[in-house]
Every structure is written in structure tokens, then in C-alpha cells.
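To start, the structure under review is shown below, and the notes come after it.
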Amino acid sequence: MAKALTQTELSQVFLDRIYGLPEGEKVKLCLQCGTCSGSCPTSAYMDYTPREIIASLRAGMLDRVLKSNTMWMCTSCYSCTVRCPAGIRFTDVMYELKRLAIAYHLHSRFARAPALSRAFMSVVGRYGRSAEAELMVRLNLATNPLELLRLAPMGVKLLARGRMPILPERIEGRESLRRMLAWVEANDDAHAAQEVV
Amino acid sequence: MSQYAYYPGCSITVNNRAYDTSTRAVCQSLGIDLVELKDWNCCGATAYMAVRELAAFVLSARNLALTEQQGQQEMLTVCNACYMNLNKTNRYMAEEPKLREQIGAALAAGGASYSGSVKVRHLLDVLVNEVGCEAIQARATRKLEGLKVACYYGCQLSRPYPTFDDAEQPSTMDRLLEAVGATAVPYPMKAKCCGGMVMSTSEEVALKLVKGLLQCALDSGADIIATACPLCQVNLEGYQGRVSARFGSKLNIPVVYFTQLVGLALGLTRQQVDLGRELVSADRALAAYV
Amino acid sequence: MAEPGNNGKLAPAGARIGVYVCHCGTNISQTVDVAAVAAFAASQPGVVIAREYKYMCSDPGQELIKNDVAEFELNRVVVASCSPLMHEPTFRRACAEAGLNPFLFQMANIREHCSWVHTDKTAATQKAMRLVEAAIRRVVENEPLESRQVPVTAAALVVGGGIAGIEAALEMADAGKKVYLVEKEPSIGGHMAQFDKTFPTLDCAACILTPKMVAVGQHPNIELMTYSQVEAVSGYVGNFKVLVRQRARSVNSELCNGCGLCQEKCPSRVPSEFEAGLGVRKAIYTPFPQAVPRTPVIDRDNCRYFLTGKCQVCKKLCPREAVDFEQQDQLREIEVGAIVVATGYQVFDASRTKQYGYGELDNVLSSLEFERLCHAGGPTGGEILLKNGQKPESVAILHCIGSRDSNYNQHCSRVCCMYSLKFAHLVREKTGARVYELYIDMRAFGKGYEEFYQRLLHEDVIFIRGKAAEVSNVAETEAERGKLIVKCEDTLLGVVRRLPVDMVILSVGLEPQSDAREVARIFSIGCNSAGFFTEKHPKLAPVSTPTDGIFIAGACQGPKDIPDSVAQGGAAAAQALSLIDRGQVVLEPNVSVIDEERCAGCKICISLCPYQAISFDEARRVSRVEEALCKGCGTCAAACPSGAAKQRGFDDRQIMAEIEGALAEVVALT
């Protein structure tokens with residue numbers, strides 16, 4: 001379905017979704033001053049800076065945005081949000097881009113960040129809480145199994161200090177949580193049109 | 001005695017028990033009544049919001065609903081990310097009618113509801129603004145004289161909601177630790193990012209950030225780094241070997257939770273504040289205070 | 001006695017009404033059947049003559065009215081045409097010239113309220129008839145009113161002795177008028193006195209300002225009150241009474257000859273406001289050597305004598321025995337006809353935006369501080385030096401600090417791009433240092449400004465388009481050690497950059513003075529959301545205010561450079577002079593009047609009046625309207641529980657007549 005729209009059209013879809021976020025319309029006020037990029041701790045490692053992402057969307061060049069590693073480098077530090085002179089909640093924009101990229105499957109299959117998020121969603125959805133060990137296993141199996149070997153020593157150290165439980169903690173209200181999340185899946189129009197992750 | 005619904009968060013109970021243990025010990029010592037929120041669930045951290053927006057809010061809101069249901073008005077968190085997520089959920093529900101409606105419907109599907117009445121507080125806020133530095137100073141029987149601490153706040157404690165501390169130059173932890181006799185060294189990178197979950201996805205980049213933080217702490221003359229977030233603690237502590245190897249510099253400094261230091265100052269034992277689980281041992285730095 | 005009219009209604013006794021329905025070219029006639037409306041009007045009781053005409057506001061149109069008034073002995077006139085805002089004065093004048101009281105005239109707006117907003121001709125014509133009948137019934141109830149004239153006091157007050165205030169004062173004084181110039185600092189000169197060079201000519205600010213300051217000090221028509229503030233203003237246009245507090249200088253100006261001996265030995269050291277905190281002054285001081293007047297003041301909050309009772313060195317040293325510790329503040333009431341408020345601006349406090357290290361890191365300066373550094377009379381004798389006394393080898397100038405920022409001030413401060421360019425030039429000239437200029441847009445809007453920008457391009461200034469995100473002292477490489485690191489995105493390149501520099505200049509924005517809202521209240525003028533004083537019209541009336549007789553000039557109205565401040569000073573002076581030279585002020589008679597018999601003394605009207613025009617007569621226990629202040633808004637008349645307050649020309653009787661006329665025939669519109 002994503003292939004049916006042109007790049008320009010899809011750029012507009014993404015922009016409209018961003019305008020729909022709380023205070024998302026403020027993106028229209030972006031003066032391209034670059035404060036976000038200058039504040040971002042990882043912008044120097046991004047293919048396109050945060051500011052360039054907005055410029056690219058406005059120019060209909062979605063391709064750049066999605067092929068880039070930009071969203072996946074975002075640590076949610078909120079420095080951009082706090083300093084933006086236009087009052088743009090840029091971190092929320094980054095989240096929306098992450099969600100859209102995942103929903104439209106528009107990223108590398110081996111990209112770690114989407115895989116981590118999917119794994120997280122799966123674990124929390126089932127247990128109600130995060131389970132570090134299972135999370136790391138799932139993430140690395142999906143992206144780079146050899147990584148597990150590399151992480152093993154730290155895992156052992158943590159285990160030795162009683163900081164790495166193997167078994168996940170489960171909440172009692174799992175069923176109730178499941179129903180809540182099911183309601184969202186059934187009724188959330190934000191993801192109605194896309195394939196389920 | 002002030003009472004709070006205590007929300008530990010996944011990171012505390014899973015691999016950072018020291019924060020939970022020391023928090024409970026310090027609160028007990030200061031007369032803060034913590035009632036752990038029954039059957040709390042994950043707040044969503046930063047990873048969930050990257051896949052789902054509404055579901056992430058619902059996940060977070062369930063905890064707020066539980067707090068209300070269990071008759072509490074204030075929730076106390078210790079992890080920065082939990083604090084930020086729960087606060088964000090509260091605010092967005094108050095500001096966005098449609099979101100409020102949807103979250104309400106989702107909660108109802110699971111037999112819960114939330115009216116928006118819960119206040120979410122960070123432990124640091126409660127200690128400094130409710131109990132007060134003077135009161136804590138008066139109770140500090142074992143002052144941490146001579147201990148040079150770099151107070152590391154991380155990001156989400158004061159961003160994007162600088163409710164109890166400044167977004168650029170927070171100072172509550174500095175004041176608290178100074179009140180118990182330690183020297184909070186001027187630490188310019190105190191509120192800069194540790195990389196968060198990017199350490200798991202793009203380690204190279206996160207290591208660079210951690211290197212900067214460690215280097216700055218050492219340059220500032222710190223003996224030890226105090227943190228307020230379990231993910232920050234793991235990132236700063238757990239990768240020091242890798243940072244040193246990668247960047248060819250010896251960057252080793254113990255990283256503990258501020259509650260462990262406050263606990264020691266209040267006269268608690270090493271065991272009571274759960275020292276000893278660090279990957280980079282704090283024994284030498286804290287020898288004079290245990 | 002009443003006579004039955006055509007449609008059975010009673011004709012008002014003695015009313016002889018002329019009705020004129022205007023085509024307004026085709027503006028009205030295109031949509032409204034003007035002939036039908038005129039015919040309708042003719043059929044109304046009391047209407048003696050009803051005409052239609054192409055352009056009622058034209059000379060022949062007005063002649064029609066005048067001739068008919070004479071020929072038909074009309075005692076009421078209705079014109080159905082455009083908005084009263086357009087031509088009510090025109091037709092009133094025509095009536096007056098014909099010998100009819102101008103308030104026995106009523107206008108029906110069948111253009112803006114009818115033909116311009118409807119397309120259905122039938123409905124529009126019927127509506128026009130309703131409006132005309134309303135006007136006819138109303139005008140019968142109108143009473144003759146007289147405009148009052150009050151004389152104008154031939155003196156003016158200028159508040160604020162910066163360049164705008166100085167210009168206004170000199171213009172009015174040169175025109176022969178008495179001018180009071182009140183300035184809260186010990187000397188006039190304002191911020192301009194702090195500047196070194198001015199853009200784009202690089203004129204020395206002091207060289208062009210001090211002659212004007214001296215002229216003010218010496219002008220026979222200007223009474224200069226410095227170290228003084230306006231405490232209260234009462235009265236109305238042409239007749240203001242102003243209470244001025246002249247603060248005690250603790251020095252007798254009559255005796256003092258400005259020798260300066262007193263300041264030499266004063267033991268106190270206080271951060272100098274004039275030096276933007278970079279230098280010190282004494283407790284007894286003149287703010288700068290070229291101060292006008294030269295008489296020093298004693299800052300009693302920091303004076304040893306006033307704090308501890310000891311010292312008195314200045315008094316002992318003064319050869320003229322001019323130091324007077326017993327001096328008290330003086331309260332003076334002055335009477336003026338016009339007031340020009342020119343209270344200027346303050347700069348944005350950069351410590352509010354913590355990411356630039358202002359106040360924490362060495363060598364991060366605000367623009368005003370840097371100005372003092374460049375100034376020959378400043379703390380470094382005009383040398384651009386770092387805290388350690390050395391010359392910088394690299395300087396970064398950061399635009400838009402505290403401006404164009406929803407976190408602080410939304411507005412653009414207009415002058416910062418230009419003064420930033422000026423700084424770049426001065427740094428290059430005085431130190432040869434590398435200069436980075438970090439901007440979002442380059443606003444070089446004035447005469448010679450773009451050319452000045454080009455000059456800087458020639459001078460090898462490095463322009464980077466990108467707002468600086470932060471300034472830090474944490475080095476990542478050896479080259480960065482000991483430097484200030486400016487982090488930004490070079491947006492033209494799309495690259496994040498770290499610039500290691502020795503000095504950072506923050507181009508802070510202009511804000512209203514911190515007490516602007518208080519000052520606005522005193523003068524009954526308004527402020528916009530940023531706090532700048534509100535002009536009467538942003539395009540067409542930038543120096544007058546909705547409060548007649550009070551004018552504004554300079555940066556208090558909005559950020560602006562020196563030429564614009566001077567221009568506004570002159571403009572305000574011209575308007576004030578016009579008022580004073582007219583000698584009289586005509587007051588609209590549609591004011592409120594309170595029937596003392598009915599007034600219960602509840603004071604509800606007083607608290608509601610937006611113009612503070614009602615006062616309470618304690619002796620008689622009734623409220624009284626000060627007619628000259630009353631703007632005829634009608635609030636008191638509406639609120640008065642006993643019906644004691646009424647508005648002339650807007651009586652209940654008159655309004656009800658108008659309503660009855662409008663609803664006389666309720667027509668179904670399909």
C-alpha cells in the first residue's frame with residue numbers, strides 16, 4: 001500500500017500525521033534555525049540533521065528521511081524540544097517518524113532500533129514488565145546473533161552481582177492489560193491502515 | 001508522615017536493585033511512607049512510544065489508574081524515564097480531549113479508569129522540596145566530608161518538564177549531597193545525554209557520549225558519580241572498559257545512586273544501601289563513609 | 001398635537017424630517033433599490049422631503065441638504081449612505097452650516113451594513129428600509145447638543161531623556177513652547193550614551209549625541225528634571241496635571257559646579273549601571289563624564305554616610321559646600337497640554353537562557369557589555385580584552401538571543417543584526433581576530449544597511465547560518481582546551497559544527513522596560529502582549545495613542561534604531577505642537593451625565609469606567625462624570641441600577657425608538 005503513493009504524496013502523509021500530534025502544527029513555524037541539530041547529542045552521527053528532516057519532508061523528499069539513520073539515533077533527551085524557538089515538540093516528531101517507518105516497513109531489516117522496539121512491545125505486552133535478558137536475546141537474534149556472544153561477559157558479570165534475573169517478572173493483571181492493548185489495536189485509527197508490526 | 005504510591009519501574013527491580021533498596025531505606029529513615037503500587041506495569045520507557053503512541057500512553061495510564069484506585073494522590077518514581085513518561089501521560093491527557101477519551105476507553109476495556117487526579121513526583125523532588133535539605137542535614141550523622149561527587153542528572157529528570165529543577169542546569173542533587181557534607185563538583189555535563197537505549201542499538205555512538213561524561217567527571221575532580229536513573233547508571237558504569245579500550249584512555253570512576261550516598265550519610269550501613277553490586281567498585285571511594 | 005400619518009402611526013409633533021438616500025455610485029444602488037427606499041422614506045410620518053442622489057458626500061450632495069433645510073424648514077436630517085466613521089462629520093458639518101444643530105442628524109448605514117454584505121436585492125432593499133425607518137424614528141428623539149471647547153495649556157511634558165525624548169523636547173522647545181523633560185536616571189542620554197559607534201556610518205555615538213544633550217541642558221524653554229519620575233497623571237487632553245517626584249540628589253544643584261572632587265575620594269565601589277556592570281562607580285557619582293546635568297547624585301543605598309553615619313568625605317572635599325545630606329525628595333505638580341512618553345527599552349537578560357553560559361563562563365558577554373568594552377571611556381579604555389587581559393584571537397557573535405523565540409520574546413528586535421555586524425567590524429579593526437557571525441536571517445533593512453553588510457563580507461567575517469545551540473567550556477580535543485566551544489548547525493552546509501573561540505558575544509534582544517505596564521497605567525495608555533506601548537494605528541498613527549494628548553516615541557513603542565527613534569521623536573513633537581497651537585480642544589458631547597437626584601452613591605460606575613472618568617463627590621455623596629475624560633462608551637449608563645447615569649445622545653428613549661423603527665415590519669426573508 002505504501003508503494004501506491006508517490007514520494008511527494010507520502011511525504012505529505014507523514015507531514016499531516018505530524019501536524020496531528022499535540023501541538024504538531026507548530027512544525028509549520030520552523031524557521032530552519034538549526035538549534036535542534038546543534039543541541040542534539042547524536043546529530044553529528046546522523047545522516048540528516050533533525051532540521052534537515054523537516055526540510056526534507058517539506059520538500060517532499062521522504063526517501064532521504066526514511067533511508068537515513070536519523071530517527072534511530074534519537075535518544076529522547078528532549079534538548080531540542082526545550083530549546084526550539086518555534087516551540088516545536090521535536091522529540092514527539094521523532095517518535096512519530098519512528099512509528100511511521102516501522103509501520104510502513106521502511107527501514108533496513110537489520111536495523112537494531114526498530115527491532116528493539118518491536119521486541120520491547122512484545123515482551124511488555126505479554127508480561128506487563130520489561131525482561132532484560134529476553135529483550136537482549138530477541139533483539140540480537142533478529143539483527144545480529146553474534147552480538148550475543150559479545151555481550152555475554154557483561155551478562156555474566158551482572159548475573160554474578162545479582163543484577164540479571166533470567167526469568168521475567170509477570171504482573172497479575174496481564175489479562176486486563178491484554179484487553180486494554182487489544183482495544184487500542186482495534187480502535188486506534190493511527191494504525192488502522194497499516195500492517196500490524 | 002507523608003505517603004506515596006511507590007512506582008519502582010522495571011529497571012529497578014530487574015537489574016538495579018541497589019536503587020530500590022537504598023530508596024526504601026532512605027525513605028524509611030526520613031519518615032516517608034512508601035506503599036508500593038500493587039501490580040504496577042512497565043511505563044513504556046522510550047522504546048514503546050517508538051512503535052505505538054496510544055498504546056504507550058495506555059500502558060503508562062494503567063499505573064495512574066491503579067494509583068487512584070488504591071487511594072493514593074501522589075506517585076513517587078525514582079527512574080527518570082518513568083518519571084517523564086508518567087508525567088507526560090498526565091499532561092497530555094489533560095491537554096488533549098481526544099487522547100483522554102481514547103485512553104479512558106482503553107482503560108475501561110480492562111476494567112480500569114483514571115480521572116487525572118494523581119501527581120507524579122520524583123524522589124529527588126520529594127527529598128529536597130518536601131522533606132527539605134535542612135531537615136536531612138540535621139539527620140545526617142555521618143557527613144560525607146571530603147567526598148567529591150559529580151551529580152549526574154541525565155535528560156528526562158528536567159526535560160521536557162522542568163517542574164522541580166532547571167532544564168539546562170539542574171541543582172537539586174547538588175544541594176542535597178552538599179547538605180549531607182559532600183562536595184558537589186561543578187560538572188558541566190551534568191544534564192547531557194548518556195545515550196539511553198541507543199547503547200543497545202548503536203553502541204559506537206553511545207560510547208562516545210559516555211566517554212565525554214566520564215572524562216568531564218574526572219576532569220572536574222570527582223571521586224564518584226551519583227545518578228538518579230538506572231539506565232544512566234548502567235550506561236555510565238557498565239561500559240567503562242569498552243570506552244577505555246575504544247578511545248585509548250583510562251576512564252574509570254565508580255557510579256552509584258544518590259540514594260546510596262544519602263543513605264550512608266544518614267547512618268545506614270553498606271548493606272542497607274546495597275553497595276557491592278557495582279561493576280566498577282565504589283569501595284575505595286566510599287571507604288571512609290561505610 | 002399628533003396627526004395620523006400614512007400608515008396609521010402618529011406623526012411626531014413638529015418634526016420636519018429630510019431623508020437622503022445615497023447611491024454611492026453603484027456601491028449601494030447595485031444591491032439596494034435606492035428609489036424604492038427613498039419612496040418608502042417619503043411615506044413615513046414626519047418626513048417632509050425624501051431624495052435619492054448619486055454621491056451625498058460630494059459638494060452638490062451637501063448643498064442639497066443645506067438648501068432643503070432652508071427651503072423646507074427642516075429640523076431633522078437623515079442620510080442613508082455609508083458608515084458614520086466615513087462621513088458622519090461631513091454631514092454634521094453640512095447641517096451646522098445650514099444652521100441646524102449637527103446632533104439633530106442621524107445616519108443609516110446601508111452600505112457596510114447592507115449593500116456590501118448581501119447579494120439578495122429584495123431582501124437587501126427591505127433591510128435598507130428597516131434601517132431608514134429606524135433612523136427616522138430615532139432622529140425625532142435626538143436633542144441638540146453642543147460640543148465643548150476647552151483651552152490647551154501651552155506646555156508639554158516629555159518623559160524619558162533618551163534620543164527620542166531629546167529630539168521631541170528640542171523640537172517643541174525650538175517652536176517656542178515650554179517643555180518639561182523628566183528623566184529617571186541622573187543624566188539624560190539613554191542607551192545611546194553607552195554606545196561606542198553607531199551603524200552603518202560608524203559615527204561615534206557620543207559625538208553626535210552630546211551636542212544634543214548640551215542643547216537640552218542649555219535651552220531656555222526646557223526645564224530639565226533628572227533623577228525624577230512621574231508618579232501620577234490626572235486631567236485630560238490639553239489640561240494634564242502631572243505629579244513629578246524629583247528625588248533628592250543630596251547635592252545642591254545651584255551651588256555645584258560639576259568639578260568632580262567629591263567623587264575622587266568616595267570610598268564606596270558600586271557596579272556601574274552605565275558600564276553594564278563591567279566597571280564600578282562611587283556612591284556619589286555622575287554616570288559618565290559628559291552627563292547632563294553635571295551635578296552628581298548620592299546613591300543613598302550604597303553611601304557609607306547613609307548606611308553607617310560615618311564618612312562624609314565628599315562633603316568635606318566640596319569647595320562649594322554643595323553636598324546636602326538633609327535634602328529631601330520634592331514633589332512637583334506641573335500643568336501641560338500634551339505629553340510625549342519616550343521611556344525606551346531594556347535589553348534581554350541573557351542569564352535567563354542558560355545554554356550560553358552567560359554569568360557562568362568567562363568571556364561570554366552581552367551586546368551592551370561588549371559595547372562598553374569597545375568604548376574609549378569604558379572599563380578597558382576601548383580595548384577589546386578577555387578577562388585575563390589578553391586580546392581575543394577568535395570571537396563568535398550569536399544572533400537572536402532572547403528574540404524570535406517563543407520561550408522568551410516572540411518578536412524580532414530589529415537592530416541586533418546591524419549591531420552584530422558593527423561588532424564584527426570593530427573586532428576585526430581592533431584585534432584582527434577571526435570573527436564568526438551566527439545568524440538565522442540577516443536583517444539589513446535600512447538605508448545603507450545592506451551596503452554595510454557587504455562591507456563586512458569584504459572584511460572576511462565568517463558568516464554561518466545557524467542559531468547557536470549552546471556555549472560550553474568542555475573540550476573534546478586538544479585544540480579546544482581553554483576555549484569556549486560554540487555548538488551550532490551550519491544549515492547552509494547541513495553540518496553540525498563546534499567552533500572553539502576566545503570570546504562569545506550574545507546579541508540580546510530589546511524588551512520593554514521592566515516597569516512598562518506600570519508606566520502605561522499611569523498615562524492611561526495600553527501595552528501589547530510583549531509590553532510595548534500601543535499606538536493608535538500600527539500603520540497610520542504610530543506615535544499617537546487612543547488617549548488624546550498622549551504621544552509615544554522611540555523604543556518604548558517597539559524595538560527600533562536611532563534614525564527611527566529620532567523620526568518618531570520629531571513626529572510626536574509635531575503632533576503635540578499641533579495640539580498646543582490649535583489652542584482649543586473640541587470635546588464630543590456624547591458624554592455621560594449623572595443625575596444627582598437619582599444617584600444613590602453606590603459607585604458601581606466608578607469601578608467600571610475604563611477611562612477613570614468618574615469621581616466621587618464625598619460632600620454630596622454622589623458620583624460625577626469628568627466630561628473631558630469621558631469617551632462615551634456607555635458602560636456606566638448600562639450598569640447604573642437607578643438610571644441616574646445617562647449618556648447624551650444615547651438615551652433609553654432614543655435607543656428604543658431606533659429599535660422600534662427597525663422592527664416595525666418584521667419581514668420574512670426567504
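Sequence lines set the chain letters: A, B, ... in the order given, protein chains first and strands last, and positions in each chain run from 1.
For L97(A), no part lies under 4.5 angstrom from a heavy atom of chain B. Only the side chain of Y239(B) comes within less than 4.5 Å of a heavy atom in chain A; its backbone stays farther off. Of the two parts of Q102(B), the backbone and the side chain both hold a non-hydrogen atom closer than 4.5 Å to a non-hydrogen atom of chain A. Both the backbone and the side chain of S79(A) come within contact range of chain B, judged by heavy atoms closer than 4.5 Å. For R62(B), the part sitting under 4.5 Å from any heavy atom of chain A is the side chain, from C-beta outward, and nothing else. The part of M136(A) that comes within reach of chain B is its side chain, from C-beta onward, which places non-hydrogen atoms under 4.5 angstrom from that chain. Of the two parts of M199(B), neither the backbone nor the side chain holds a non-hydrogen atom closer than 4.5 Å to a non-hydrogen atom of chain A. Within the 4.5 angstrom heavy-atom criterion, no atom of A191(B) approaches chain A. Contacts between L209(B) and chain A at a heavy-atom distance below 4.5 Å involve the side chain alone, from C-beta outward. Proximity to chain B (any heavy atom under 4.5 Å) is shown, for R174(A), by neither the backbone nor the side chain. Only the side chain of A167(B) has a heavy atom closer than 4.5 Å to any heavy atom of chain A. Neither the backbone nor the side chain of R178(A) comes within less than 4.5 Å of any heavy atom in chain B. For N140(A), no part lies under 4.5 angstrom from a heavy atom of chain B. With a threshold of 4.5 angstrom between heavy atoms, I171(A) approaches chain B through its backbone and through its side chain.
E95(B) has a carboxylate O that lies under 4.0 Å from a charged side-chain N of R89(A), or vice versa, which qualifies the two as a salt bridge. A salt bridge between E101(B) and K98(B) is absent, with no side-chain N of the basic residue lying under 4.0 Å from a carboxylate O of the acidic one. Checked for salt-bridge contact, E203(B) and R246(B) miss the test: no charged N lies under 4.0 Å from a carboxylate O. The pair E96(B)-R100(B) does not count as a salt bridge, with every side-chain nitrogen at least 4.0 angstrom from each carboxylate oxygen. Of the charged side-chain nitrogens involved, none lies within less than 4.0 Å of a carboxylate oxygen, so that R24(B) and D274(B) do not count as a salt-bridged pair.
For chain A, the option among A109(B), P160(B), G212(B) with the highest count of heavy-atom pairs below 4.5 Å is P160(B). Interface remark: of the candidates M197(B), E278(B), R277(B), R277(B) forms the most heavy-atom pairs closer than 4.5 Å to chain A. Residue with the most contacts toward chain B among L181(A), V124(A), L21(A): V124(A) (heavy-atom pairs, distance under 4.5 Å). Interface check for chain B: of the options M73(A), R129(A), K98(A), R179(A), the most heavy-atom pairs under 4.5 Å are formed by R129(A). The greatest number of non-hydrogen atom pairs below 4.5 Å with chain B, out of D92(A), L139(A), T91(A), L151(A), is found for D92(A). Between chain B and the options L135(A), L116(A), N187(A), T81(A), the largest number of non-hydrogen pairs under 4.5 Å is found for L116(A). Considering only heavy-atom pairs separated by less than 4.5 Å from chain A, the leading option among A56(B), S200(B), G195(B) is S200(B). Among V58(B), V198(B), L279(B), the residue with the largest count of heavy-atom pairs under 4.5 Å with chain A is L279(B). The most heavy-atom pairs under 4.5 Å with chain B, out of P22(A), A119(A), P41(A), come from P22(A). Taking chain A as the reference chain and counting heavy-atom pairs below 4.5 Å, the highest number among G196(B), A106(B), A81(B) is found for A106(B). For the set G44(B), A47(B), A50(B), the entry with the most heavy-atom pairs within less than 4.5 Å of chain A is A50(B).
Residue-environment remark: CD (E172(A)) stays at or below the threshold of 12 foreign heavy atoms within 6.0 Å.
Without hydrogens or angle criteria, Y78(A) side chain to Y161(B) main chain gives no donor-acceptor distance under 3.5 Å.
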Practice task
Kindly indicate, with the supporting measurements, whether the criterion side-chain hydrogen bond (donor to acceptor under 3.5 Å, both in side chains) is fulfilled by S37(A) and R51(A).
Solution key: CA-CA 6 Å; S37(A) 315; R51(A) 174 199 60 89; 4.8 Å; no
Exercise for the section: Give the C-alpha distance, both sets of side-chain angles, the deciding distance and a yes or no for side chain to side chain contact (heavy atoms under 4.5 Å, CB included) between T35(A) and C84(A). Expected result: CA-CA 6 Å; T35(A) 299; C84(A) 175; over 6 Å; no
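Taking all atoms of both residues into account, the shortest heavy-atom contact from E52(A) to D47(A) is OE1-O, 4.4 Å.
Among the candidates C74(A), S76(A), C77(A), S117(A), the single residue satisfying the side-chain contact (heavy atoms from CB on, under 4.5 Å) test with T46(B) is S76(A).
Cation-pi geometry between K88(B) and Y92(B) is satisfied (NZ or CZ under 6.0 Å from the ring centre, within 45° of the ring normal).
In summary, the side chains of Y48(B) and N85(B) do not present any donor paired with an acceptor at a separation below 3.5 Å, with no hydrogens or angles considered.
The side-chain heavy atoms of T21(B) and Y257(B), taken from C-beta on, include no pair separated by under 4.5 Å. With a 4.5 Å cut-off on side-chain heavy atoms, L149(A) and L146(A) count as touching.
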